[in-house]
Amino acid sequence: MSEDSKPLKSCRICNNTNLIKYLDLGSTPLANAIIKKEDLNKEEKSFPLEVMFCPECCLSQLSLVVNPKIMFSNYPYRSSISKTFIEHCKEIATICQHSYDVKDSDLIIDIASNDGCLLQQFKVMGSRVIGVDPATNLAEIANKNGIKTINAFWSRDIAERIAKEHGHAKVITAMNVFAHVNDLNEFVDGVKTLLDKDGIFIIEAPHALHLIENTEFDTIYHEHLSYLLVKPLEKLFSKYNMNIFRVDETPIHGGSIRVYVAHNESRHTKDPSVGMVTEKERNGKLYRIEGYQSFSKRVEKIKQDLNEILHKIKNDDKVVAAYGATAKGNTLLNYCKIKSDLITFVADDTPEKQNHFTPGSRIPILKSEQITIQQPDYLILLAWNFAKELMKKTQDYEKNGGKYIIPIPEVKVMTSH
Ligand code: DWN
């Protein structure tokens, strides 16, 4: 793909061309395109951000595909910053060890392995691990940490290369990447090629059920091409003689599904969890466009409420800062048209993000020690999905009278207890 972006022509799972738009967040810069100080005078690229529903297979997807090379070749997000996520990775490795008999000699592949956060847990267990990640900066960090990482986008070629050099994989994981992929056929083809006959492929991604029910519209940005339900995924894997045999629901990232996939001829049998989750999707009216029609109104209300509260705080001569220079935060700030006159700085513990500015809203990103130093009156948790961890980290701030603002599912001022 040479151009910066291209319109979506048809559904990426069932090729249906009659897609229905149900949300338009306007034009926004890329969510992780943080800005260096010396580039503040440069114009930023913005792209339309619209969500379409496929009435055939029920997949929600963006109307536009931004060139992944622009978004992922150098990536400022580090999975290991959050202790909650490290614990989460331990849980996944333990499930594989205990429930699927992963042994020392087994090969574990993590697609979009970031800084090696998940593979570290499998390595500790003694497994052979290989990561694949397109971000050169992250692959460098992972390799330095002893996690063998191939710096490339996942593809059938990469899968064949690994199979030739290392054999087939017992477990292939794809954490927070499946929703980022445009060509799902190439992606699944690669997985099918490398996965052992009784191997398991595990996808984890935000569940569109929570996106809609909890108005988590800030998780909509150009990196997230698809908003996943189990039903369309079942349709996709059936095309590859593969099937979903288990689905776990997990609260991570605002509510995610962990989907376990295997070859049809494998020894894995379907358990009731799959039907239970599709039942929830059906009861949530997510298989018909009607289930999405109140969404944009609820999104609009959050914009209104957040602006009201931030302007009132400003009029009271009080100061607001934020914690978590998140991708989702950039959708929220840019859609709500909130800038540095309302939020003085965003704290973040990711070294790659510090001393940069947020895309569009151009708020300075500083070290989190500034929360104690500057003691703002309010702290908006843009990483609301890690609210518990952030509140624990800022107990002194709260003891000194600080208050938290949580923007999703509805704007609330709150304390940790
Ligand atoms: O899918 C994606 C998810 C998994 O991660 C990616 N496309 C992009 C990214 O989205 P995000 O930036 O909205 O994710 P998080 O995980 O909510 O980001 C948390 C941010 O908060 C990071 O920048 C790190 C920061 N943080 C921190 O500074 N101190 C987080 C914690 C827990 C902390 O203690």
Side-chain angles (χ1 to χ4, degrees), residues 28 30-34 49 62 66 68 70-72 74-89 92 110-115 117-118 133-135 138 173-181 203-208 210-211 216-228 250-258 321-334 345-356 358-359 363 365-372 379-395 397 404 406-408:
T28 69
L30 300 179
N32 271 306
I34 53 174
L49 194 52
L62 297 186
V66 172
I70 300 174
M71 296 191 288
F72 304 120
N74 184 37
Y75 201 56
Y77 179 81
R78 299 269 307 273
S79 304
S80 301
I81 298 291
S82 159
K83 288 200 179 58
T84 311
F85 193 73
I86 293 173
E87 284 308 310
H88 185 73
C89 290
I92 294 167
D110 186 28
I111 302 172
S113 48
N114 199 273
D115 55 11
C117 187
L118 176 60
D133 199 290
L138 297 174
T173 52
M175 301 288 130
N176 299 301
V177 60
F178 210 70
H180 300 56
V181 175
I203 296 169
E204 189 173 279
H207 192 195
H210 297 285
L211 163 69
E216 299 171 353
F217 76 93
D218 56 344
T219 62
I220 296 169
Y221 44 89
H222 299 97
E223 295 178 16
H224 292 169
L225 296 175
S226 306
Y227 301 86
L228 302 174
T250 156
I252 201 91
H253 288 302
S256 294
I257 41 176
R258 188 185 304 140
Y323 201 167
T326 55
K328 60 176 78 69
N330 293 319
T331 292
L332 183 85
L333 297 175
N334 287 308
F345 68 87
V346 179
D348 200 286
D349 300 308
T350 315
E352 287 81 356
K353 293 187 177 182
Q354 291 158 357
N355 306 320
H356 286 72
T358 55
I363 301 170
I365 305 171
L366 307 177
K367 288 185 176 174
S368 56
E369 64 196 22
Q370 288 302 321
I371 295 170
T372 313
L379 198 59
I380 181 169
L381 301 184
L382 295 176
W384 47 267
N385 44 310
F386 293 125
K388 221 162 141 221
E389 185 174 349
L390 297 180
M391 287 181 176
K392 194 159 170 232
K393 273 188 168 176
T394 53
Q395 286 173 37
Y397 161 74
Y404 302 104
I406 304 274
I408 300 284

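Start at 1 and go down the list; that is how both ligands and their atoms are numbered. Along the sequence shown, residues carry numbers from 1. Since we're looking at a predicted model, the values are computed, not measured. All values below were derived from every heavy atom in this structure, side-chain atoms included, with hydrogens, water molecules and symmetry-related copies excluded.
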Is a donor on one side and an acceptor on the other found under 3.5 Å between the side chain of [X] and the backbone of [Y]?
X: His356; Y: Gln354; value: yes
X: Ser226; Y: Leu228; value: no
X: Asn114; Y: Ser79; value: yes
X: Asn385; Y: Gly254; value: no
X: Asp115; Y: Ser80; value: yes
X: Asp133; Y: Ser113; value: yes
X: Tyr397; Y: Leu379; value: yes
X: Asp349; Y: Ile81; value: no
X: His210; Y: Glu216; value: no
X: Thr28; Y: Thr331; value: no

Which atoms of ligand 1 have any heavy atom of [X] under 4.0 Å away?
X: Ser82; result: 32 (C)
X: Lys393; result: 29 (N), 33 (C), 34 (O)
X: Lys353; result: 22 (C), 23 (O)
X: Glu389; result: 32 (C), 34 (O)
X: Gly324; result: 21 (O)
X: Glu223; result: 6 (C), 7 (N), 8 (C)
X: Thr350; result: 23 (O), 24 (C)

Heavy-atom nearest neighbour in the protein, as seen from [atom], with distance rounded to 0.1 Å:
atom: atom 1 (O) of ligand 1; result: His224 NE2, 2.9 Å
atom: atom 19 (C) of ligand 1; result: Thr326 CG2, 3.6 Å
atom: atom 31 (C) of ligand 1; result: Leu390 CD2, 3.6 Å

Polar-atom distance check: Ala327 versus ligand 1, any N or O pair below 3.5 Å?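 Such a contact does occur with ligand 1.
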Thinking salt bridges, do Lys83 and Glu389 make one under a 4.0 Å N-O criterion? no
Relative to ligand 1, is [X] under 4.0 angstrom through side chain, backbone, both or neither, heavy atoms considered?
X: Phe85; value: neither
X: His253; value: side chain
X: Lys328; value: both
X: Thr84; value: neither

With no hydrogens and no angle check, do the side chains of Thr358 and Asn330 hold a donor and an acceptor under 3.5 Å apart? no
Does [X] have a non-hydrogen atom less than 4.0 Å from ligand 1?
X: Trp384; result: no
X: His180; result: yes
X: Arg78; result: no
X: Tyr221; result: yes

Stepwise, does the ring pair (Phe, Tyr, Trp, His ring centres under 6.0 Å) test hold for His253 with Phe386? CA-CA 8 Å; His253 288 302; Phe386 293 125; 5.6 Å; yes
Have a look at Asp348, Asp349, Ile81 and point out the one with the heavy atom closest to atom 22 (C) of ligand 1. Asp348
Ignoring hydrogens, just give me the one of Phe72, Tyr75, Tyr77 whose non-hydrogen atom is nearest atom 14 (O) of ligand 1. Tyr77
